[in-house]
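To find a chain, count down the sequence lines: A is the first, B the second, and so on, and within it residues start at 1.
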Number of protein chains: 2
Amino acid sequence: MAKRAIPDIMIGRLPVYLRALSFLALEGRQITSSQEMGDRLGISSAQIRKDLSHFGEFGKQGTGYDIMFLHDKLRQILKVDRMWDVALVGAGNLGKAIADYGGFAGKGFLITAVFDNDAAKIGMKMGIHDVTVQHVDELADTIKARGIVVGIIATPAHDAQGVARVMAEAGVKAILNYAPITITVPIGVRMQYIDPVVGLQRMTYYL
Amino acid sequence: MAKRAIPDIMIGRLPVYLRALSFLALEGRQITSSQEMGDRLGISSAQIRKDLSHFGEFGKQGTGYDIMFLHDKLRQILKVDRMWDVALVGAGNLGKAIADYGGFAGKGFLITAVFDNDAAKIGMKMGIHDVTVQHVDELADTIKARGIVVGIIATPAHDAQGVARVMAEAGVKAILNYAPITITVPIGVRMQYIDPVVGLQRMTYYL
DNA sequence: TAGATTGTTAATCGATTAACAATC
DNA sequence: TAGATTGTTAATCGATTAACAATC
């Protein structure tokens, strides 16, 4: 073990920084500071400087950070300076909304395979790239054939664990799970959860 | 200040515990242990016991936790043992998928008002409860009239901050934001973010 | 009773913040 | 140069874990 591992929680903030930098660039700004970014994001400037300093010296004393330069650096660090093929399982309401979402393409992700277990949906064209829905039985073979390492689960909860297992066995290393259930995956496979109910229930305690 | 505040991060885990307990109940189980829950959720048993012990003594030594009892307790603690009216802004693809989602009702939330700024959408019936889409100009009045305190933002990023401001001024205290942008809200208003791109980018670093 | 598991304490571990020398 | 802001260190703060007495 040579390098000290970068804390997961620190990595987790980088996409938020990247998003903020995209907006600053969109506003036509050239330079920003850890203070300004912190104010926008509700984070201390010290934390932003510390997070960034793990990966290099991206700023200039007295000046701040060049927005486009830092933006590019973060894209490289997060490995979204390229396009990742994504396999989406679940072509219901939610799956359809995900496939139709235009926000992935500019951020490093392309949904290039969609699966469902409903015969009525197989063969349908879905999403902004008109991907043809395949039967979920073809999931493993397609993942392997195309070398896909990123998956999205948008199935009912009771199917999610099974889908995750097939994905992991076929070589997927990163799974975004919309199904409202905690899933177990082998070591080396990462999961992120999106559950609006959990989000809402985290706030009702304080009401 | 009498009571020591419960850490936010601890509150954030309770919805996940609640979700797990729902599943255990669905499986017909009566009793569980901190060990079993921890195994399922990928959390240490000590953490689960410590989290729960902040709110009371819900278990029995030597036995574990009664699933339905703990389930009910967590619903009370999280204040989802009642139904919260939710105002949804944005009736596009994403808003439609959210309104159509059947998973809110059983978990304490009812989308009872939907808003958009697109004239073509006003008057449409949306979601599983056939809510009529109103113009976003009516957002503040509707929130006040109905005493709504929970909102969901599903607008494009550039509209999200404005919508959040209107919501907060009208009395909303908890906002779930699907727009891919960090939003500033007054103290006393809580935000939760759902951004699939952030979720995916948190994992690509490790690929 | 014997076995199991809680609730809780103390110790460890890790993350955040404050502060400032370096320097643009 | 004077002013500003970084990168980094040390101190603080908070969260997690290990361990075990209590007890069902």
**Student:** May I ask you to evaluate whether A:Tyr65 reaches the phosphate of C:dC24, defined as a side-chain N or O under 4.0 Å from OP1 or OP2?
**Tutor:** no
**Student:** Do B:Ile43 and B:Tyr17 have side chains that get closer than 4.5 Å, going by heavy atoms?
**Tutor:** yes
**Student:** Using a cut-off of 4.0 Å on non-hydrogen atoms, how would the nucleic acid contact of A:Ser45 be classed: base, sugar-phosphate, or nothing?
**Tutor:** nothing
**Student:** Kindly indicate whether the side chain of A:Phe115, heavy atoms from C-beta on, has any atom under 4.5 Å from the side chain of A:Thr142.
**Tutor:**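 Yes, their side chains come closer than 4.5 Å.
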**Student:** Grab the CD1-C1' distance between B:Ile48 and D:dT17 for me, whole Å please.
**Tutor:**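 Result: 13 Å.
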**Student:** Whole angstroms only, please: what is the CZ-P distance between A:Arg49 and C:dA18?
**Tutor:** 11 Å
**Student:** Should B:Thr63 be listed as having a side-chain N or O under 4.0 Å from OP1 or OP2 of C:dT5?
**Tutor:** no
**Student:** Between C:dT5, C:dT8, C:dT17, which one does the side chain of A:Ser44 approach most closely?
**Tutor:**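 Of the options given, the side chain of A:Ser44 lies nearest C:dT17.
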**Student:** Just the dot-bracket of DNA chain C, please: which string comes out with Watson-Crick or G-U pairs under 3.5 Å, [ ] for crossing, | for another strand?
**Tutor:** ..||||||||||||||||||||||
**Student:** Which comes earlier along DNA chain C counting from the 5' end, the contact point of B:Gly59 or that of A:Ile9, where each point is its nearest nucleotide?
**Tutor:** B:Gly59
**Student:** In whole angstroms, how far is the P atom of C:dT8 from the NE2 atom of B:His54?
**Tutor:** 10 Å
**Student:** With respect to the phosphate group of C:dA22, does any side-chain polar atom (N or O) of A:Gln61 fall under 4.0 Å of OP1 or OP2?
**Tutor:**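 No.
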**Student:** Whole angstrom is fine here: how far is it from CG in A:Leu52 over to P in C:dT16?
**Tutor:**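 It is 14 Å, rounded to the nearest whole Å.
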**Student:** Starting from the C-alpha separation in whole Å, work towards a yes-or-no answer on ring-ring contact (aromatic ring centres under 6.0 Å, His included) for A:Tyr101 and A:Phe104.
**Tutor:** CA-CA 7 Å; A:Tyr101 179 54; A:Phe104 288 121; 5.1 Å; yes
**Student:** Given D:dT16, is OP1 or OP2 found less than 4.0 Å from the side-chain N or O atoms of B:Arg13?
**Tutor:** yes
**Student:** Is the shortest distance from a Lys or Arg side-chain nitrogen in B:Arg29 or B:Glu36 to a carboxylate oxygen in the other one below 4.0 Å?
**Tutor:**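 Yes, this pair counts.
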**Student:** Separation of A:Gln47 atom CD from C:dA19 atom P, in whole Å?
**Tutor:**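 Taking atom P of C:dA19 as the reference, CD of A:Gln47 is at 17 Å.
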**Student:** Here's a test of your reading of the structure: between B:Asp51 and A:Asp51, which maps to the more 5' nucleotide of DNA chain C?
**Tutor:** B:Asp51
**Student:** From CG of A:Leu70 over to P of D:dT5, roughly how many Å is that when rounded to an integer?
**Tutor:** 16 Å
**Student:** Can you see if the side chain of B:Ser34 gets near the phosphate of C:dT6 - specifically, an N or O under 4.0 Å from OP1 or OP2?
**Tutor:**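 Yes.
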**Student:** For A:Phe58 and C:dC24, give me the distance from atom CZ to atom P, rounded to whole Å.
**Tutor:**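 In whole Å, C:dC24 P and A:Phe58 CZ are 17 Å from each other.
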**Student:** Which nucleotide in the list C:dT5, C:dT9, C:dT16 gets nearest to the side chain of A:Lys50?
**Tutor:** C:dT16
**Student:** Tell me whether B:Lys96 at atom NZ has more than 12 heavy atoms from other residues, nucleotides or ligands lying less than 6.0 Å away.
**Tutor:** no
**Student:** Starting at atom CG of B:Asp66, determine the distance to atom C1' of C:dT6, rounded to an integer number of angstrom.
**Tutor:**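 It works out to 15 Å between those atoms.
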**Student:** Is A:Arg190 paired with A:Asp8 through a side-chain N to carboxylate O contact shorter than 4.0 Å?
**Tutor:** yes
**Student:** Surrounding CD of B:Gln30 (heavy atoms of other residues, nucleotides or ligands, distance under 6.0 Å), is the total greater than 12?
**Tutor:**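 Result for CD/B:Gln30: open.
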**Student:** For the CG atom of B:Asp116 and the NZ atom of B:Lys121, what is their distance to the nearest 0.5 Å?
**Tutor:** 4.5 Å
